[in-house]
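Computation of the quantities below employed the complete heavy-atom set of this structure, encompassing side-chain atoms and omitting hydrogens, waters and symmetry-equivalent molecules. Small disclaimer: the values here were computed from a predicted structure and weren't measured. Here is how names work: the chains are called A, B, and so on, in the same order as the sequence lines, proteins then strands, and each is numbered from 1.
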There are 2 protein chains.
Amino acid sequence: MVESPKKAPSRSDPRRRPRQSAEQTQAEILDAAGRRLAEGGPDALRLQDIARDVGISHPTILHHFGSREGLMEALEKRATSALTEEVGRLLLSGRGVHDEAGGPLLESVGRAMNEGGLARLVAWWVLRDPSADHEEAGKITARVVELIRVRLEEEQDTLGGRPPSREEIAFTVRLAVLAMFGDALIGSQLAQVATPQKNAESERFRAWLGQLLAAHLRGAVTPLPEEHTGSKAD
Amino acid sequence: MVESPKKAPSRSDPRRRPRQSAEQTQAEILDAAGRRLAEGGPDALRLQDIARDVGISHPTILHHFGSREGLMEALEKRATSALTEEVGRLLLSGRGVHDEAGGPLLESVGRAMNEGGLARLVAWWVLRDPSADHEEAGKITARVVELIRVRLEEEQDTLGGRPPSREEIAFTVRLAVLAMFGDALIGSQLAQVATPQKNAESERFRAWLGQLLAAHLRGAVTPLPEEHTGSKAD
DNA sequence: GTATCTACTTACAGTATTGTCAGTTCGGAA
DNA sequence: TTCCGAACTGACAATACTGTAAGTAGATAC
């Protein structure tokens with residue numbers, strides 16, 4: 001019987017992928033997974049599909065990441081750390097916080113949320129396990145808030161005016177993040193049909209938001225709802 | 001052979017659910033599905049689990065909704081139409097738009113997003129199929145925008161000041177919706193650990209946002225990014 | 001009272017997907 | 001060179017979920 005040995009492909013079988021470094025393959029897998037997630041949602045995140053995209057067999061993914069769950073964690077870790085790095089760099093470079101147009105900071109977060117697929121990833125993550133703590137997010141925002149506070153205090157010396165409180169800043173940052181996050185997910189759904197390109201409207205919205213937030217932080221401080229003073233039950 | 005006839009339960013079998021009206025059963029199924037979705041995410045939305053919650057067999061769900069997909073659609077339809085009704089009622093009642101505290105409108109949307117699980121439902125929906133059009137959302141927001149515009153023009157006659165453009169209002173409404181949506185999904189992740197109750201912080205944020213938006217619409221109009229309006233940037 | 005419609009059930013088919021296993025090849029270390 | 005670990009593979013096991021089929025029973029119409 002001349003049956004071909006099914007146990008393994010012959011040595012120079014073209015189907016067999018030339019051996020790569022673990023890093024290389026893992027990166028390719030994560031890239032493909034990210035693309036799948038961005039396009040089709042969590043349901044489209046099947047090991048066999050990802051494997052086909054990369055050109056490997058699906059057990060190879062399990063070999064590298066242990067389990068599907070492990071792959072997801074790696075995916076999330078990579079996405080958040082990339083964002084953290086970029087935000088950190090922007091903050092330290094001194095640009096982007098109180099910039100005229102709302103700053104590259106908003107842009108970079110928006111881009112990570114949209115093109116980077118971070119919004120979809122985070123949404124999926126939160127949907128799956130509402131109680132899961134995503135402590136990275138809290139850390140980043142806290143850091144941004146602190147940086148902005150310092151920056152605004154410096155600015156105050158130059159321009160005068162009273163700087164907003166830390167809670168004011170925190171809420172403003174929170175609003176920015178929520179808006180970018182929400183926009184990435186459902187922005188296109190909210191766009192009015194009037195405008196032909198929904199994408200353009202999204203960009204325009206982002207610019208508008210940048211100005212609104214900057215203006216707000218700059219001077220027009222919205223008074224916080226009755227402080228911890230005798231809170232009248234509404 | 002004393003084995004019970006497996007073909008169907010005997011007439012007074014306690015396992016057999018007493019016959020209900022279709023509406024009743026469908027409502028119970030939708031309730032259970034909504035609870036599952038809110039707690040555990042889309043992965044937890046399995047027919048067998050839902051059936052067990054209600055106390056029926058899973059083919060009964062298929063009998064009522066045709067397919068799992070049909071169930072999801074019904075779930076979404078119910079959620080959005082509930083929101084649409086409430087928003088419509090609030091708008092027609094004349095309250096909630098330019099109210100001092102941001103209005104019951106923000107509250108009601110926020111509640112639907114949070115407790116109603118609308119945010120999770122929509123997020124799941126969008127994640128699954130990014131290209132799916134959720135036209136209901138566009139309709140509602142367009143309606144809100146128009147109502148606010150009229151309201152503000154009336155107010156202008158009384159208080160003076162120039163009313164914001166329609167795009168201004170649209171962006172503001174969009175911001176409000178995005179914030180509520182995002183807050184329902186990841187608000188708790190962004191809350192600073194400083195505050196003990198994250199829920200309280202979320203409410204406080206909502207109130208603050210209401211004031212910010214109201215103040216913005218009222219007078220401090222942020223100039224839109226350069227467009228045909230030759231408005232001088234700040 | 002009979003017929004019919006439909007709410008509801010058990011049993012099962014079909015299928016898809018994750019994870020395991022044993023084996024092959026390659027690169028680097030001893 | 002020899003040997004070992006790891007990248008990689010095809011085949012398969014295990015599981016789980018949706019959907020179908022066929023049958024029972026209660027309600028309503030006639």
Inset, instruction - Under the side-chain contact (heavy atoms from CB on, under 4.5 Å) rule, what do B/L47 and B/L71 come out as? Steps first, then yes or no, please. - result: CA-CA 9 Å; B/L47 296 187; B/L71 171 64; 4.1 Å; yes
Legend entry - Between P of C/dT9 and CG of B/L47, the distance in whole Å: 14 Å
Legend entry - Closest-nucleotide 5' rank along DNA chain D - winner of A/Q48 and B/Q48: A/Q48
Inset, instruction - Inspect the contact between B/E136 and B/K77 and indicate whether a charged nitrogen and a carboxylate oxygen are less than 4.0 angstrom apart. - result: no
Inset, instruction - Would you indicate which nucleotide in C/dG19, D/dG19, C/dT10 comes nearest to any side-chain atom of B/S57? - result: C/dT10
Legend entry - B/R17 side-chain proximity, nearest of D/dT18, D/dA11, C/dC8: C/dC8
Inset, instruction - Would you give the length of the straight line joining atom CG of B/L178 to atom CZ of B/F171, rounded to the nearest 0.5 angstrom? - result: 11.0 Å
Inset, instruction - Would you indicate, yes or no, if C/dT25 has its OP1 or OP2 atom less than 4.0 angstrom from a side-chain nitrogen or oxygen of A/R19? - result: no
Legend entry - Short side-chain N/O contact from A/H63 to OP1 or OP2 of D/dA7, under 4.0 Å: yes
Inset, instruction - Could you tell me the separation between the CZ atom of B/F65 and the P atom of D/dG19, rounded to a whole number of Å? - result: 13 Å
Inset, instruction - Taking only the side-chain nitrogens and oxygens of A/H64, find out if one of them lies under 4.0 Å from OP1 or OP2 of D/dC8. - result: yes
Inset, instruction - In whole angstrom, give the distance that lies between atom CD1 of B/I50 and atom P of D/dC17. - result: 11 Å
Inset, instruction - Would you classify A/L62 as touching base, sugar-phosphate or nothing, given that sugar-phosphate means primed atoms plus P, OP1 and OP2, and contacts are heavy atoms under 4.0 Å? - result: base
Legend entry - Check: B/R174 and B/V145 side chains under 4.5 Å, non-hydrogen atoms: no
Legend entry - d(CG, A/L71; C1', C/dT17) in whole Å: 14 Å
Legend entry - Per B/Q20 side chain, nearest of listed nucleotides D/dT18, C/dT18, C/dC8: C/dC8
Inset, instruction - Using heavy atoms and a sub-4.0 Å distance, could you list which residues of residues 21-29 of chain B are near DNA chain C? By number, please. - result: B/A22, B/T25
Inset, instruction - Could you tell me whether the side chains of B/R17 and B/S57 share a donor-acceptor contact shorter than 3.5 Å? - result: no
Legend entry - Whole-Å distance separating the CE atom of A/M72 from the P atom of C/dT18: 11 Å
Inset, instruction - Would you check if the side chain of A/R36 reaches a backbone N or O of A/L45 as a donor-acceptor pair within less than 3.5 Å? - result: no
Legend entry - Between C/dT18 (C1') and A/L45 (CG): distance, integer Å: 13 Å
Legend entry - DNA chain C: 5'-proximal contact among B/P18 and B/H58 (nearest heavy atom): B/P18
Legend entry - From CA spacing to verdict: side chain to side chain donor-acceptor pair (under 3.5 Å), B/E168, A/W208: CA-CA 9 Å; B/E168 265 285 326; A/W208 170 84; 2.9 Å; yes
Legend entry - B/T60 vs C/dC8: side-chain N/O to OP1/OP2 distance below 4.0 Å: no
Inset, instruction - May I have the distance from B/D49 (atom CG) to D/dC17 (atom P), rounded to whole angstrom? - result: 7 Å
Inset, instruction - Could you state the atom-to-atom distance from CZ of A/R46 to C1' of D/dA16 in whole Å? - result: 15 Å
Legend entry - Interatomic distance, B/W124 atom CH2 to A/W124 atom CH2 [nearest 0.5 angstrom]: 14.0 Å
